Every structure is written in C-alpha cells, then in structure tokens.
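Encoded as structure tokens, the structure appears first; notes follow it.
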2 protein chains.
Amino acid sequence: MKKVRFGIIGLGNQGSMYAAHLFGGGKIEHGVVTALCDINPAKIAAMKDRLKDDTIAYFENYIDMLDSGLIDAAMIEVPHYLHPGMVIDCLKRGIHVICDKPAGVYTKQVKEMNEAAKQSNAYFAMMFNQRTNCLYRKMREIIAEGGIGELQRVTWIITDWYRTQKYYDSGSWRATWEGEGGGVLINQCPHQLDLVQWVVGKLPSSVRGFCEYGKWHDIEVEDEVTAYFRYDNGATGVFITTTGETPGTNRFEVSGTCGKLVCENGELKWYKNKSDSQVFSKSSEAGFSTPGTELINVETDGQNRQHEGIINNFANAVLGLEPLFIDGKDGIRGVELMNAIELSGWKNGEEVSLPVNEEEYLSYLNEHRKTSRFKAVSDDTVADTTGTFESKKI
Amino acid sequence: MKKVRFGIIGLGNQGSMYAAHLFGGGKIEHGVVTALCDINPAKIAAMKDRLKDDTIAYFENYIDMLDSGLIDAAMIEVPHYLHPGMVIDCLKRGIHVICDKPAGVYTKQVKEMNEAAKQSNAYFAMMFNQRTNCLYRKMREIIAEGGIGELQRVTWIITDWYRTQKYYDSGSWRATWEGEGGGVLINQCPHQLDLVQWVVGKLPSSVRGFCEYGKWHDIEVEDEVTAYFRYDNGATGVFITTTGETPGTNRFEVSGTCGKLVCENGELKWYKNKSDSQVFSKSSEAGFSTPGTELINVETDGQNRQHEGIINNFANAVLGLEPLFIDGKDGIRGVELMNAIELSGWKNGEEVSLPVNEEEYLSYLNEHRKTSRFKAVSDDTVADTTGTFESKKI
C-alpha cells in the first residue's frame with residue numbers, strides 16, 4: 001500500500017526522536033520520512049550521520065521543503081510562537097500537517113491557523129499524544145455516557161514537573177516571555193490543559209489564575225500556578241501545577257451527581273452512585289443518608305500508543321483508512337484556557353471569562369515580551385522575533 | 001482517687017452522647033457527671049429517664065448550675081454564638097471548661113473569651129477531638145521535625161460532608177446566618193480548619209475564598225467553598241469543601257522541599273526526598289534530575305481516642321496528672337481562618353489578610369444576619385438573638 005511521505009521541520013529533541021525512533025524504527029505502518037529540515041547545518045549533518053538513509057532529502061529552509069514535491073505531510077517541531085505560521089504555510093499548499101503542542105502562544109494567532117484549516121482540504125492534527133492514554137480515554141467515555149451524572153467538580157493536581165535551574169539555563173529562550181510566551185502552563189502543561197477540557201467535555205466559563213513568577217527558579221515566567229475554574233452549569237474546579245516540587249503529584253479527579261472518577265498512580269477508580277445525589281437529596285427523609293456508592297476499579301483497553309499512535313492514525317486518515325483522531329482545530333481550546341489563566345495571573349487573580357479577550361491578552365503578553373530577558377534578533381513579525389532560538393534552527 | 005465533677009450545658013445530640021455514652025459508660029477514668037442542664041424540660045426529663053442516676057442534679061439555667069457548688073468543670077454543647085459567653089461565665093467562676101467546636105462565630109467574640117482565659121486559673125480546652133487522630137498527630141510531628149523541609153503546598157480536599165435537604169430542614173436555625181453564622185465552614189469544617197493550621201504549624205498569611213451559597217441545597221449560607229491560601233514563607237494551599245457531593249474525598253496533602261505527606265483512606269504516606277529539592281535544583285548539573293525519593297508507609301501509634309481522649313486528658317490535667325493536650329485559646333486560630341475565608345467570599349474572592357479585620361467581619365456578618373431566614377426571638381445581645389434555637393434549650 002502507498003505510504004504517506006513525511007517531512008519534519010525542526011530537528012531538536014522531538015523532531016529527531018520522530019525521525020530516528022518512530023519512522024526509522026519502522027513504527028509508522030503507512031508513513032515514511034522523505035525529507036528533514038533544520039536551519040542549523042550542524043543538526044542536519046548529525047541527522048544524516050545518525051540515519052544513514054540516502055532516500056531522505058535535507059533542507060535548511062522549510063518553504064523549500066514544502067515546495068519540493070517530496071512530501072505529502074509535515075510535522076512541526078519548532079518553538080511555540082512559530083507553530084501557527086508554519087501550519088498555515090503547509091495547509092495553504094495542501095500539505096497535511098501534524099503540529100506539536102501547544103497550538104500556539106495566543107488565541108488570535110491560533111484562530112488564524114484554524115481559519116486556514118477550514119479553507120484547506122488537507123488534514124491537520126495536533127500532537128495531543130496524551131489523548132491516546134487509555135485512562136484518559138476511558139474517563140472521557142464514562143463522563144460522556146453520563147457515568148458521573150451532572151458535572152460538579154474538577155480537581156487536577158499536576159505538580160510532578162520538577163525541573164532544576166540547569167534545565168532553565170540550558171537555553172536562553174527557555175522560560176522567557178519572548179522565547180516561549182510563558183512558563184509551566186505553556187511548556188509543561190499543554191497536555192493537561194487540553195485533557196482537562198477534552199475529558200470533561202467542556203471548557204470552564206471563567207477562571208482565576210494565581211501565578212507565581214520565578215518562585216522556585218531564576219526565571220521570569222510562572223513556575224507555579226493554582227487556577228480556579230467555574231463552568232457554565234455552576235461546577236467548579238482547581239488546577240494546580242508547578243516545576244518546583246518533587247516528587248509532586250498527578251491526581252485527576254472529576255466528580256458529579258452520580259459519582260466520581262479518580263485517576264492517580266496509573267489507576268482509574270470510579271465511585272458510582274446508586275442514584276443521582278441531587279435527586280436523592282431532595283427526596284430523602286434522612287439527613288445523613290446517602291444514595292450509596294459502588295467502587296469500580298475501571299478496566300481499560302490498556303492501549304497507550306502516544307506519539308506513535310497519533311502519527312499512525314494521521315497517516316491512515318490521510319489514506320482514508322480510518323477517521324482522524326485529533327482535529328488540529330481543537331488545539332485552540334487548551335490555548336484558550338492557558339491564556340485565560342495567564343491573563344488572570346497578570347491581573348492579580350481577577351476573574352477572566354472565556355473566550356478570553358484576545359486583544360487584551362496579546363497586549364499584556366507584548367508588554368511582558370518588551371522587558372523579557374531573552375532578546376531575539378528580530379524584525380517586527382511574531383515569527384521572526386524568535387530568530388535566535390536554539391530549537392528554531394529550521 | 002478524686003474525680004473531677006462535670007456539668008454538661010446542653011443536652012442535644014452531643015451533650016447527651018457525652019453524658020450517657022462516655023461518662024455513663026465509665027469511659028472517663030477521673031471524671032464523673034454530677035449535673036446536667038438544658039432550658040428544655042422535655043430534654044431533661046428524657047435524660048433522667050435514660051440515665052436513671054439519682055446522684056445527678058438537673059438545671060434549666062446554666063448559671064444556677066455553675067453556682068451550685070456541684071461541679072468543678074463544665075462542657076459547653078450549645079449553638080456556636082453562645083460558646084464564648086458561656087466559657088467566660090465558667091472561667092470567671094474558676095470552673096474548668098471544655099468548649100465544643102467552633103470556639104465562636106467571629107474572632108472579636110473569641111478574643112474576649114481568650115482574655116478571660118488568661119485572667120483565670122481554671123483549665124480551658126476545646127473539643128478538637130480530631131487532634132487525637134494518630135494520622136494527624138504523626139503528620140504534625142513529621143512536619144515539626146523538618147521531615148518535609150520548608151513548606152511548599154497544602155492541599156486538603158474535604159468534600160465528604162454530603163447532607164440531604166432534610167438535614168437542613170431539621171432545624172430552622174440550621175444553615176442560617178442568624179442561627180449558625182455560616183454553613184459548611186462553621187458547621188462541618190471546624191476540625192479541618194483547626195487541623196490544617198495545627199498540623200502544618202502555621203496559619204496562612206492571606207486567603208481567598210470562593211463560596212457558593214445555597215448551591216446544592218435550599219439554604220442561605222455556603223454549602224461549597226474553594227479557598228486559596230498563601231503563607232508567610234511563600235507557600236500556597238487549597239482547601240476544598242462541600243456538603244453537596246457524595247461520596248466525596250478526604251485527602252490532605254502537605255508538600256515541602258524535602259518531600260510530601262499524603263493522608264487519605266486512613267493511610268499516611270511520606271515521600272521523603274534524599275535531599276532538599278531547592279538546594280538540589282541550584283546545584284544539579286542535569287536539567288531533568290531529581291534528588292530521589294523514598295516512599296514510607298508511616299506507622300503510627302494507632303491511637304485515636306477522639307472525644308473520650310480529650311475528656312480524659314482534661315480531667316487528668318485538672319488533677320495535675322498530665323499536661324493539658326489542647327489549650328482552648330488555640331480555638332481562635334480556626335475561627336480566624338474561617339472568618340477570613342467567609343469574608344473573602346462575601347467580597348467576591350478578594351484577598352483577605354490574617355489576622356482578619358474583626359470589625360469588618362462582624363459588620364458583614366451582621367448585614368447577613370439582618371436578612372437571615374431565621375428570625376430569633378431576641379433582644380439585642382448576640383447570645384440572646386439565638387433564643388429560639390432548638391439546641392439552645394438551656
């Protein structure tokens with residue numbers, strides 16, 4: 001059968017892994033790498049040496065690669081600010097594209113990308129590899145089927161992102177407003193900010209973000225966040241994250257009128273009520289009674305194919321073999337949530353409604369970029385301001 | 001050996017349990033009930049019938065009991081607003097006293113009580129029976145000994161307080177500003193609001209409270225709260241509680257630079273770091289490295305004597321046999337925290353510093369009492385405004 005021909009833009013940690021381990025390791029059944037691109041000749045040379053595959057063409061300019069006729073699909077593995085522009089460049093040319101997370105730094109930029117996606121017949125996916133995790137898929141399924149009833153509370157403690165100062169010192173763009181556009185929210189948490197809305201089935205209607213900037217590290221962006229969510233049905237939630245604690249916790253709890261789900265330590269527990277607790281409350285003749293609960297240790301399909309699963313699905317979708325698992329346009333939802341938390345943090349915890357005021361967000365972001373430690377050699381476009389990023393060597 | 005002679009004020013659920021089960025059951029080694037008091041003759045009659053003990057004197061007026069010469073110590077088992085006044089009446093007379101939680105409704109009132117305690121030679125304890133729980137004692141001990149290093153985060157999800165509407169309908173004073181002075185914070189959570197500061201060793205320096213009033217029940221006070229804490233050393237915390245969910249969660253997590261403690265499902269886990277994570281962060285040459293953690297399933301002394309333990313200790317302290325476990329003056333700390341959260345809730349989540357502005361708090365409280373559903377037959381003193389409380393029949 002025909003294989004989808006892939007080109008990878010950006011040969012940093014992530015791009016190299018895809019090329020060498022997933023494609024090079026024969027893990028993508030209906031996909032093959034035909035081209036690789038990085039602006040850094042040294043990275044190209046290293047990759048050539050590593051892959052020793054003469055069938056792969058190398059490019060220093062990604063536009064040349066897109067226009068080469070050698071690829072059907074591209075993967076975007078470059079700094080956050082560059083994601084939307086490159087995705088648009090692909091889609092305009094009818095080249096299918098998988099973009100790594102996050103979809104972008106701010107919603108205004110991501111909306112332009114999504115607009116291009118609507119105009120294009122090409123496939124567009126986001127690398128939300130955590131959505132392939134059987135635990136999260138099962139949680140989503142149970143919630144969607146009404147297994148916990150009406151949503152009451154979402155609590156995600158995701159504090160196991162410990163990083164040393166050395167990590168932050170390893171790239172001058174790291175943890176800067178100009179280089180990354182944020183801290184733990186945009187670098188470590190895009191998966192959880194996507195999952196928290198994907199699993200639950202909706203975004204909060206408003207958030208408050210209590211962000212601590214450079215609390216545990218010598219950095220200018222946030223390395224600790226506590227966010228408070230409110231949903232349109234009155235449910236509330238808390239999202240806690242930091243790179244300053246170890247061993248940290250990863251506990252995702254969602255409760256509703258018919259029970260709760262707790263995902264922690266690789267296990268999913270479902271506390272399933274015998275009846276709806278709100279209905280019970282209104283009809284019970286006893287003050288201290290409860291509807292009763294059954295604890296189910298949920299069995300899943302055990303599948304957790306991560307990046308490999310996403311790329312295989314994408315290639316199969318392009319070939320018409322199966323539906324696309326992740327619509328790239330969904331990426332805006334996590335960015336929306338992230339922007340709202342960050343904006344609230346800048347406004348000292350003020351309540352911020354979703355969808356976020358994109359102009360206001362961008363205005364605050366640009367203020368922070370002006371005083372950012374990281375000074376890009378740049379012209380006045382967003383993409384180009386990131387010209388000296390270590391991993392922007394495209 | 002001599003026994004301390006106790007009088008119990010208030011023969012509701014709690015007072016009856018002490019009289020019949022603990023004292024009546026011979027569980028208080030150095031204490032004996034010699035007098036009981038309730039303003040409701042029917043409750044006195046029921047108690048006489050239940051105890052069938054002619055050595056016990058009964059009173060309808062607690063002052064008469066205090067002045068009878070029949071008791072050395074009193075226990076206060078009446079509505080919250082009445083606690084401080086009655087404690088003061090005891091202490092002024094040199095009568096030792098155990099007050100049930102909370103210490104009071106607002107700090108101004110509790111301060112007057114504590115002032116009286118300082119002036120008195122009598123013993124004064126609070127019924128913080130949860131402090132006898134081996135798990136919480138052990139957590140406190142580990143933290144005090146530096147077992148988790150410098151405090152970073154406190155997270156208590158205590159959402160297993162489910163109550164039906166019937167519970168709230170069972171007393172017209174229940175869940176009203178005038179009758180109780182609050183909802184889940186003052187009725188269900190006084191123990192946790194005490195423990196959260198006792199275990200950690202300090203109160204937050206400021207809080208934000210997101211309180212939902214009558215969200216899950218037809219009541220005027222809060223039945224759901226999410227609070228965000230900040231501590232003087234920069235640590236943060238979250239406290240989540242509600243009476244609207246079931247089965248709910250009770251998970252208390254405290255993390256610091258040298259590890260974390262997690263107390264859930266009757267178990268205490270200590271994740272003990274091999275070195276301080278902040279020191280490690282600054283010295284490590286690797287970005288993704290951690291100091292390493294050892295998991296200890298903490299063994300405790302297994303003791304959890306609850307009310308029985310508190311009363312026995314109190315009687316023993318009065319007799320000079322052992323030190324008093326709980327200084328009643330400590331009760332103000334939980335009230336301080338409760339008031340701060342409630343005040344922030346009234347001010348739409350605004351940050352409130354501790355110690356709370358007691359006049360401001362009282363002014364907000366009194367505003368809410370004015371429009372309270374529960375209208376006490378009252379004169380203009382705080383204590384008397386609660387004159388028709390079901391359990392104020394003293």
Side-chain angles (χ1 to χ4, degrees), chain A residues 152-153 155 157 159 162-170 174 208 210 212 215-218 224 226 228 230 234 236-238 240 242-249 251 253 255-257 259-260 262 271 273 277-278 280-293 295 348-351, chain B residues 152-153 155 157 159 162-170 174 208 210 212 215-218 224 226 228 230 234 236-238 240 242-249 251 253 255-257 259-260 262 271 273 277-278 280-293 295 348-351:
Chain A
Q152 293 187 291
R153 180 179 313 288
T155 311
I157 309 172
T159 53
Y162 181 74
R163 296 289 184 268
T164 65
Q165 183 62 40
K166 192 76 180 180
Y167 165 82
Y168 289 110
D169 295 344
S170 69
R174 272 201 195 280
R208 288 177 185 262
F210 307 107
E212 307 261 349
K215 179 176 187 173
W216 305 110
H217 306 91
D218 180 20
E224 178 179 310
T226 301
Y228 175 64
R230 282 190 61 91
T236 59
V238 166
I240 303 171
T242 180
T243 57
E245 289 171 29
T246 183
T249 294
R251 179 191 165 100
E253 176 175 319
S255 58
T257 54
K260 71 170 179 175
V262 179
Y271 299 81
N273 291 345
S277 66
Q278 273 292 291
F280 183 88
S281 173
K282 290 171 178 61
S283 60
S284 171
E285 287 300 314
F288 288 89
S289 183
T290 72
T293 297
L295 169 57
N348 192 31
E350 204 177 282
E351 188 168 7
Chain B
Q152 293 187 290
R153 179 179 312 287
T155 311
I157 309 172
T159 52
Y162 181 73
R163 295 290 183 269
T164 65
Q165 184 62 40
K166 192 76 179 179
Y167 165 83
Y168 288 110
D169 294 344
S170 69
R174 272 200 195 280
R208 289 177 184 260
F210 307 107
E212 306 262 349
K215 179 177 187 174
W216 305 110
H217 306 91
D218 180 20
E224 178 180 310
T226 301
Y228 175 63
R230 282 191 60 91
T236 60
V238 166
I240 303 171
T242 180
T243 58
E245 290 172 27
T246 184
T249 294
R251 179 193 165 99
E253 176 175 320
S255 58
T257 54
K260 71 170 178 175
V262 179
Y271 299 81
N273 291 344
S277 66
Q278 274 292 292
F280 184 88
S281 174
K282 289 172 178 62
S283 60
S284 170
E285 287 299 315
F288 289 89
S289 184
T290 72
T293 297
L295 169 58
N348 192 30
E350 203 177 282
E351 189 168 7

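By convention in this document, chain letters (A, B, ...) are assigned in the order of the sequence lines, proteins followed by strands, and residues within each chain are numbered from 1. Basis for what follows: all heavy atoms, side chains included, without hydrogens, waters or symmetry-related copies. Keep in mind the model is a prediction, meaning the values are calculated, not measured.
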Measure the spacing between [atom1] of [X] and [atom2] of [Y] and express it to the nearest 0.5 Å.
{"X": "K166(B)", "Y": "F288(A)", "atom1": "NZ", "atom2": "CZ", "result": "13.5 Å"}
{"X": "Y167(A)", "Y": "S289(B)", "atom1": "OH", "atom2": "OG", "result": "14.5 Å"}
{"X": "R163(A)", "Y": "S281(B)", "atom1": "CZ", "atom2": "OG", "result": "11.5 Å"}

**OP:** Tell me, out of H217(B), E245(B), Q165(B), who's got the most heavy-atom pairs with chain A below 4.5 Å.
**Re:**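 Most pairs with chain A among the choices: E245(B).
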Original post:
Looking only at heavy atoms, which two atoms of N348(A) and R208(B) are closest? And how far apart?
Top reply: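 Heavy atoms only, the tightest pair is O-NH2, 2.9 Å.
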Please classify the contact of [X] with chain B as side chain, backbone, both or neither, using a heavy-atom distance under 4.5 Å.
{"X": "T249(A)", "answer": "both"}
{"X": "T290(A)", "answer": "both"}
{"X": "S277(A)", "answer": "both"}
{"X": "D169(A)", "answer": "neither"}

Subject >> T236(A) versus E212(B), side-chain donor and acceptor atoms under 3.5 Å >> reply: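 No, because no side-chain N or O of E212(B) sits under 3.5 Å from a partner of the opposite role on T236(A).
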Which bit of [X] comes within less than 4.5 Å of chain A, counting heavy atoms only: side chain, backbone, both or neither?
{"X": "F280(B)", "result": "both"}
{"X": "S284(B)", "result": "both"}
{"X": "E350(B)", "result": "neither"}
{"X": "L295(B)", "result": "neither"}
{"X": "D218(B)", "result": "neither"}

Subject >> Between T242(A), T159(A), I240(A), T155(A), the one whose heavy-atom pairs under 4.5 Å with chain B are most numerous >> reply: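 The candidate making the most pairs under 4.5 Å is I240(A).
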Looking at [Y], is its backbone amide N or carbonyl O close enough to the side chain of [X] to form a donor-acceptor pair, meaning the two atoms are under 3.5 Å apart?
{"X": "Q152(A)", "Y": "G244(B)", "answer": "yes"}
{"X": "K215(A)", "Y": "G234(B)", "answer": "yes"}
{"X": "K260(A)", "Y": "G248(B)", "answer": "yes"}
{"X": "Y228(A)", "Y": "Y228(B)", "answer": "no"}

**OP:** Verify salt bridge (charged side-chain N to carboxylate O under 4.0 Å, His left out) between R153(B) and E224(A), making sure each step is shown before the conclusion.
**Re:** CA-CA 11 Å; R153(B) 179 179 312 287; E224(A) 178 179 310; 3.5 Å; yes
Under 4.5 Å between any side-chain heavy atoms of [X] and [Y], yes or no?
{"X": "S255(A)", "Y": "T246(B)", "value": "no"}
{"X": "R230(B)", "Y": "F210(A)", "value": "no"}
{"X": "P247(B)", "Y": "N273(A)", "value": "yes"}

